Amino acid sequence: MSLPVLTHCPYCSLQCGMTVAARAEDDGGGWEVEGANFPTNRGGLCEKGRSSAELLAHPDRLTTPLVRDSRREPFREATWDEALDRVATALRDTQQRYGADAAGLFGGGGMTNEKAYQAGKFVRVALRSASIDYNGRFCMSSAAAAATKAFGVDRGMPFPLADIARADTVLLVGSNPGDTMPPAMRWFAAGRERGATHLVVDPRYTASAAAADVHLQPVPGTDLALANGLLHLAIKHRLVDTAYVAERTTGWDAVRRAMRQYWPDRVERITGVPVRVMERAVRLLAESRATMILSGRGAEQHAHGSDTALAWINLALALGLPGRPYSGWATMTGQGNGQGGREHGQKADQLPGYRMLADPAARAHVAAVWGVDPDELPRPGVSAYEMLDRLGTDGGVRALMVMASNVVVSAPRADHVRERLGALDLLVVSDLFLSETAALADVVLPCTQWAEEEGTMTNVEGRVLRRRRAVEAPDGVRSDLDVLADLAGRLGRGQYFSADPQTVFDELRRASAGGKADYAGISWARIEAERGVFWPCPDEDHPGTPRMFRGAGEGAERSSTRGYFATPDGRARFHVVHHREPAETPDGEYPYRLTTGRSRAHYQSGTQTRRTKALLDAEPEPVVEIHPDLAARLGVADGADVLLRSRRGRARMRARLASTIRADTVFAPFHWAGEQTINALTNPALDPASRMPEFKVCAVDITAAPAGEDTTA
Ligand SMILES: Nc1nc2c(c(=O)[nH]1)N[C@H]1C(S)=C(S)[C@@H](COP(=O)(O)OP(=O)(O)OC[C@H]3O[C@@H](n4cnc5c(=O)[nH]c(N)nc54)[C@H](O)[C@@H]3O)O[C@H]1N2
Ligand SMILES: Nc1nc2c(c(=O)[nH]1)N[C@H]1C(S)=C(S)[C@@H](COP(=O)(O)OP(=O)(O)OC[C@H]3O[C@@H](n4cnc5c(=O)[nH]c(N)nc54)[C@H](O)[C@@H]3O)O[C@H]1N2
Ligand code: SF4
Ligand SMILES: [Mo]
């Protein structure tokens with residue numbers, strides 16, 4: 001066996017520490033992973049992490065570029081030179097014909113910081129196009145928009161994960177870490193052993209709800225009303241921390257007045273949560289020494305998701321939580337580099353370090369680091385779904401590169417997205433495997449994966465980590481970093497790009513310096529020595545910032561000059577936000593609510609986990625969860641095939657009867673393709689601030705499907 005190398009899991013934002021080592025040939029060869037004693041997972045791994053070594057020697061792995069002259073033809077193998085020449089020529093031709101913005105890139109929050117940074121720079125400097133956005137828009141963008149409005153900065157968790165064990169009350173809203181981040185549950189369990197009380201807000205009685213003390217089970221899409229209802233009760237019972245509100249916030253009076261409309265009976269009617277449960281919850285939240293409100297995709301992936309996140313932040317501020325020890329509001333970011341991936345320029349409106357592309361000072365700073373004229377930088381472009389929706393149209397992107405996302409499975413209104421991809425002049429997909437999106441491409445580029453590459457990731461806590469190479473990449477495979485630098489060269493802009501991850505990271509540090517996500521003081525050497533460094537970290541002598549919003553003094557955030565928060569006046573801002581119905585509500589034709597999310601054994605669009613034997617054995621197919629009462633009305637038996645239909649499309653999967661879900665709502669995971677693509681049904685109604693689609697609620701019809709017949713055709 002070779003010496004084990006310490007790296008991190010390929011999957012979610014917990015980024016569990018793990019070692020990767022080659023197994024001896026007489027032990028069957030291949031690789032094996034083991035949980036490492038890292039501060040977040042302390043040796044724990046979920047089944048996805050444990051089985052990740054299967055990806056390293058997988059027979060489906062792409063190891064050579066694939067091209068074809070028309071999409072009616074099968075792929076043929078090509079050299080890198082042929083493939084990249086084809087891409088560079090097509091990008092240039094498209095831009096000459098249709099303008100610079102007709103070439104674009106769709107990125108992913110699974111990429112390292114270096115790749116995400118390089119992707120943003122490639123589009124702005126090599127293509128000089130405004131057209132870049134990424135799958136993080138579909139993930140935590142609503143919470144990010146809310147945090148920026150309220151606190152002036154978006155770091156998902158403003159405290160280390162282990163602080164959860166020190167909180168006396170924890171409320172999880174639309175977050176199910178019991179399935180989505182299982183090793184994190186050790187911190188919840190440690191809290192409960194200390195006597196903490198945990199509450200879960202979820203239309204389903206999830207693994208996380210089962211581990212908690214109180215379950216609030218709202219109608220999907222009504223979290224905002226619930227948060228306002230709790231704030232109404234907090235005001236009524238004089239539970240507001242008036243000293244905190246006066247000293248550290250602005251905008252309270254207007255919110256206090258607006259909350260008069262959220263009297264308990266009305267909120268019960270909207271949400272379905274009984275008044276007595278709300279009364280109990282607000283007491284638990286307000287009367288504990290240290291309280292956390294943790295938000296997940298359930299509350300956020302809505303057409304009013306950013307307002308919903310603001311409503312929960314209002315409650316947290318009124319109770320005086322953010323910045324207090326073992327207290328606060330946080331969003332549990334999801335993707336491996338969901339946090340770092342949203343900081344360094346993959347977003348349509350953004351430059352590295354959370355700088356804004358529309359801000360002249362930000363443009364000047366970043367242009368100077370890049371060695372270009374600020375006037376050369378494009379203006380902000382459009383968001384992920386808007387980009388996909390306009391592919392191949394006048395003013396839309398006509399030549400698209402997709403990196404680290406499988407949009408035909410994971411984007412809303414998936415059939416439409418597939419059709420738009422078909423209208424492109426050029427589709428280039430970089431992936432490890434022939435994902436469903438890659439299968440539609442003109443050019444497929446095989447890329448390195450986690451344990452084959454060097455780089456950094458920023459985990460759910462805002463801790464910057466080192467991804468280390470433990471395994472040689474197969475011959476023929478190249479890193480996205482290298483591909484982007486090479487393509488830039490073919491486009492005549494090679495002098496601005498490096499393919500070396502550490503060089504790119506050091507440039508990222510300079511580009512982020514002085515920005516909100518300031519990485520200037522974080523070196524690869526420090527990350528190694530300190531087991532990760534938390535941003536903001538403005539210089540090499542700065543200890544990093546595990547806990548934010550603490551005000552002046554110990555551990556204070558140096559980059560915010562005054563007060564507690566990263567707003568101009570140092571105060572957090574309240575926002576008046578009101579309940580609105582979801583974009584689509586049940587009616588005669590589509591009488592039920594569909595919500596979607598994750599199951600434990602599969603990851604995202606499933607490209608990796610549907611190819612992992614251990615995970616397929618655990619969960620061989622998707623199931624739609626239906627309450628037995630609803631199933632009886634529909635005439636659907638446990639295990640029967642059902643057809644789900646919405647205004648946008650249909651999907652077919654087996655039913656699992658579960659009394660753990662509301663009887664007016666069904667739940668399906670989105671990890672599956674073909675006729676099991678639940679995103680064929682979902683609603684691309686977008687949040688006005690975050691441009692997040694409404695993944696978490698739409699109106700559907702459900703019928704028993706005749707066995708064996710493909711009813712989705
Ligand atoms: N096993 C597994 N783990 C993962 C992932 C994966 O694909 N598989 N993906 C990773 C990523 S990228 C992410 S973003 C995270 C996501 O992690 P979570 O946010 O925990 O995951 P979801 O399952 O999308 O949603 C959480 C819960 O929201 C509930 N919900 C649905 N609608 C509503 C609503 O209107 N209100 C409320 N309050 N709750 C609602 C669902 O029932 C679900 O239990 O997981 C990460 N971890
Ligand atoms: N209905 C519904 N839809 C959803 C959600 C939901 O809750 N409900 N959740 C949304 C959320 S939170 C998310 S994050 C998205 C995620 O959905 P996707 O954006 O599709 O994410 P992944 O499946 O992780 O896609 C990553 C792809 O990139 C490949 N890959 C991995 N690492 C790399 C790399 O370094 N470089 C390159 N080039 N490729 C790589 C993988 O093999 C995989 O094919 O789905 C969203 N879609
Ligand atoms: S919890 Fe996330 S990071 Fe940890 S092993 Fe599982 S998938 Fe990997
Ligand atoms: Mo996500």
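In listed order, ligands and their atoms are each counted from 1. Just so it is clear, the structure is predicted and the values come from calculations on it, not from any experiment.
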Review point. Ring centroid separation for H198 and F188, is it under 6.0 angstrom?
Key: yes

Exercise for review: Kindly confirm or rule out an N or O of P203 lying under 3.5 angstrom from an N or O of ligand 1.
Suggested key: no

Revision key, fill the gap. Per-atom filter on ligand 1: closer than 4.0 angstrom to a heavy atom of H602 are 1 (N), 2 (C), 6 (C), 7 (O), 8 (N)

Point to revise | Atoms of ligand 1, numbered as shown, that sit under 4.0 Å from any heavy atom of D179 | key: 1 (N)

Check your understanding: Would a line drawn from the ring center of H8 to the ring center of F38 be shorter than 6.0 Å?
Key -> yes

Exercise for review: Mark up the atoms of ligand 3 that fall under 4.0 Å of a heavy atom belonging to Q15, in ascending order.
Suggested key: 3 (S)

Check your understanding: Side chain, backbone, both or neither: which part of T180 has a heavy atom under 4.0 Å from ligand 1?
Key -> both

Review point. Nearest to atom 35 (O) of ligand 1, what protein heavy atom do you find, and at what distance?
Key: G221 N, 2.8 Å

Point to revise | Under 4.0 Å to a heavy atom of D223 - the qualifying atoms of ligand 1, by number | key: 34 (C), 35 (O), 36 (N), 37 (C), 38 (N)

Check your understanding: Of the protein's non-hydrogen atoms, which lies at the shortest distance from atom 34 (C) of ligand 1, and what is that distance?
Key -> G298 O, 3.0 Å

Check your understanding: For P218, is at least one N or O under 3.5 Å away from an N or O on ligand 1?
Key -> no

Check your understanding: At a 4.0 Å cut-off, with the gap strictly under it, does some heavy atom of K48 reach an atom of ligand 1?
Key -> yes

Review point. For atom 12 (S) of ligand 1, which protein heavy atom lies nearest, and how many Å away is it?
Key: Q604 NE2, 3.0 Å

Review point. Of the choices R598, H671, E625, which has the non-hydrogen atom that lies closest to atom 22 (P) of ligand 1?
Key: R598

Exercise for review: Before signing off on this row, confirm whether V201 and ligand 1 have an N or O atom pair separated by under 3.5 Å.
Suggested key: yes

Check your understanding: So, the side chain of T612 versus the backbone of A614: is there a donor-acceptor pair under 3.5 Å, distance only?
Key -> no

Exercise for review: Using atom types as modelled and distance alone, determine if a side-chain donor or acceptor of N41 lies under 3.5 Å from a backbone N or O of L45.
Suggested key: no

Review point. Between H215 (side chain) and R204 (backbone), is there a donor-acceptor pair under 3.5 Å?
Key: yes

Point to revise | Pair H602-W672, ring pair (Phe, Tyr, Trp, His ring centres under 6.0 Å): steps then yes or no | key: CA-CA 9 Å; H602 288 281; W672 302 83; 4.7 Å; yes

Check your understanding: Which ligand 1 atoms does H302 reach within 4.0 Å, using its non-hydrogen atoms?
Key -> 34 (C), 35 (O)

Review point. Would S599 count as a contact of ligand 1 if the rule is a heavy atom under 4.0 Å away?
Key: yes

Review point. Nearest protein heavy atom to atom 31 (C) of ligand 1, by residue and atom, and its distance?
Key: T595 OG1, 3.0 Å

Point to revise | NZ/NE/NH1/NH2 to OD/OE distance under 4.0 Å, R691 and D687 | key: no

Exercise for review: Test side chain to side chain donor-acceptor pair (under 3.5 Å) on Q339 and R342 and set out the steps.
Suggested key: CA-CA 6 Å; Q339 180 69 51; R342 71 191 195 240; 3.2 Å; yes

Practice item. Answer yes or no: does an N/O atom from Q301 fall short of 3.5 Å to an N/O atom of ligand 1? Key: no

Review point. Charged N to carboxylate O under 4.0 angstrom, R467 versus E454?
Key: no

Check your understanding: Between R580 and D307, is the closest basic N to carboxylate O distance under 4.0 Å?
Key -> yes

Review point. Short list, please: which atoms of ligand 1 are under 4.0 Å from a heavy atom of R600?
Key: 1 (N)

Review point. Just which atoms of ligand 1 are under 4.0 Å from any heavy atom in C139?
Key: 14 (S)

Practice item. Assess the pair H578 and Y262: is the distance between their ring centroids shorter than 6.0 Å? Key: yes

Point to revise | Atoms named by residue and atom, protein N, O or S, within reach of atom 6 (Fe) of ligand 3 (under 2.8 Å) | key: C46 SG

Exercise for review: Say whether, by atom type as modelled, one donor and one acceptor occur between the side chain of S295 and the main chain of T331 under 3.5 angstrom.
Suggested key: no

Check your understanding: Salt bridge check: are E452 and R469 linked by an N-O gap of less than 4.0 Å?
Key -> no

Check your understanding: Is a salt bridge present between K347 and D349, judged by a nitrogen-to-oxygen distance below 4.0 Å?
Key -> no

Review point. Any idea which atoms of ligand 1 are less than 4.0 Å away from a heavy-atom of R297?
Key: 14 (S), 16 (C), 19 (O), 24 (O)

Revision key, fill the gap. The protein heavy atom nearest to atom 25 (O) of ligand 1 is K696 CE, 3.6 Å

**Study point:** atom 20 (O) of ligand 1: nearest protein contact (heavy atom, Å)
**Key:** N176 N, 2.7 Å

Exercise for review: Below 4.0 angstrom from a heavy atom of P220, which ligand 1 atoms are there? Numbered from 1 as shown, please.
Suggested key: 34 (C), 35 (O)

**Study point:** T333 and ligand 1 - part of the residue with a heavy-atom distance under 4.0 Å
**Key:** neither

**Study point:** Carboxylate-amine/guanidinium contact E619 R610, below 4.0 Å
**Key:** no

Point to revise | Aromatic contact, F695 with F138 (centres under 6.0 Å) | key: yes

Review point. Are E300 and R297 close enough for a salt bridge, meaning some N to O gap below 4.0 Å?
Key: yes

Practice item. Output, in order, the C-alpha distance, side-chain angles, deciding distance and verdict of side chain to side chain donor-acceptor pair (under 3.5 Å) for E453 and T448. Key: CA-CA 7 Å; E453 58 188 28; T448 49; 2.7 Å; yes

Exercise for review: Measure the distance from atom 43 (C) of ligand 1 to every protein heavy atom, then report the residue, atom name and distance (to 0.1 Å) of the closest one.
Suggested key: D202 OD2, 3.3 Å

Review point. Any sub-3.5 Å donor-acceptor pair from T19's side-chain atoms to L6's backbone N or O?
Key: no

Review point. Among protein heavy atoms, which lies nearest atom 13 (C) of ligand 1, and at what distance?
Key: G334 CA, 3.2 Å

Practice item. Decide whether an N or O pair under 3.5 Å exists between T222 and ligand 1. Key: no

Practice item. Give a yes or no on whether a salt bridge exists between E584 and R647, defined as a side-chain N under 4.0 angstrom from a carboxylate O. Key: yes

Review point. What part of C12 sits under 4.0 Å from ligand 1 if we count only heavy atoms: the side chain, the backbone, both or neither?
Key: side chain

Exercise for review: Quick one: look at M332 and ligand 1, take heavy-atom pairs under 4.0 Å, and tell me if it's side chain, backbone, both or neither.
Suggested key: neither

Point to revise | Proximity to ligand 1 by part of T206, non-hydrogen separation under 4.0 Å | key: side chain

Practice item. May I ask you to identify, for Q335, whether its side chain, its backbone, both or neither come under 4.0 Å of ligand 1 on a heavy-atom basis? Key: both

**Study point:** Over 12 non-hydrogen atoms of neighbours within 6.0 angstrom of CZ in R600
**Key:** yes

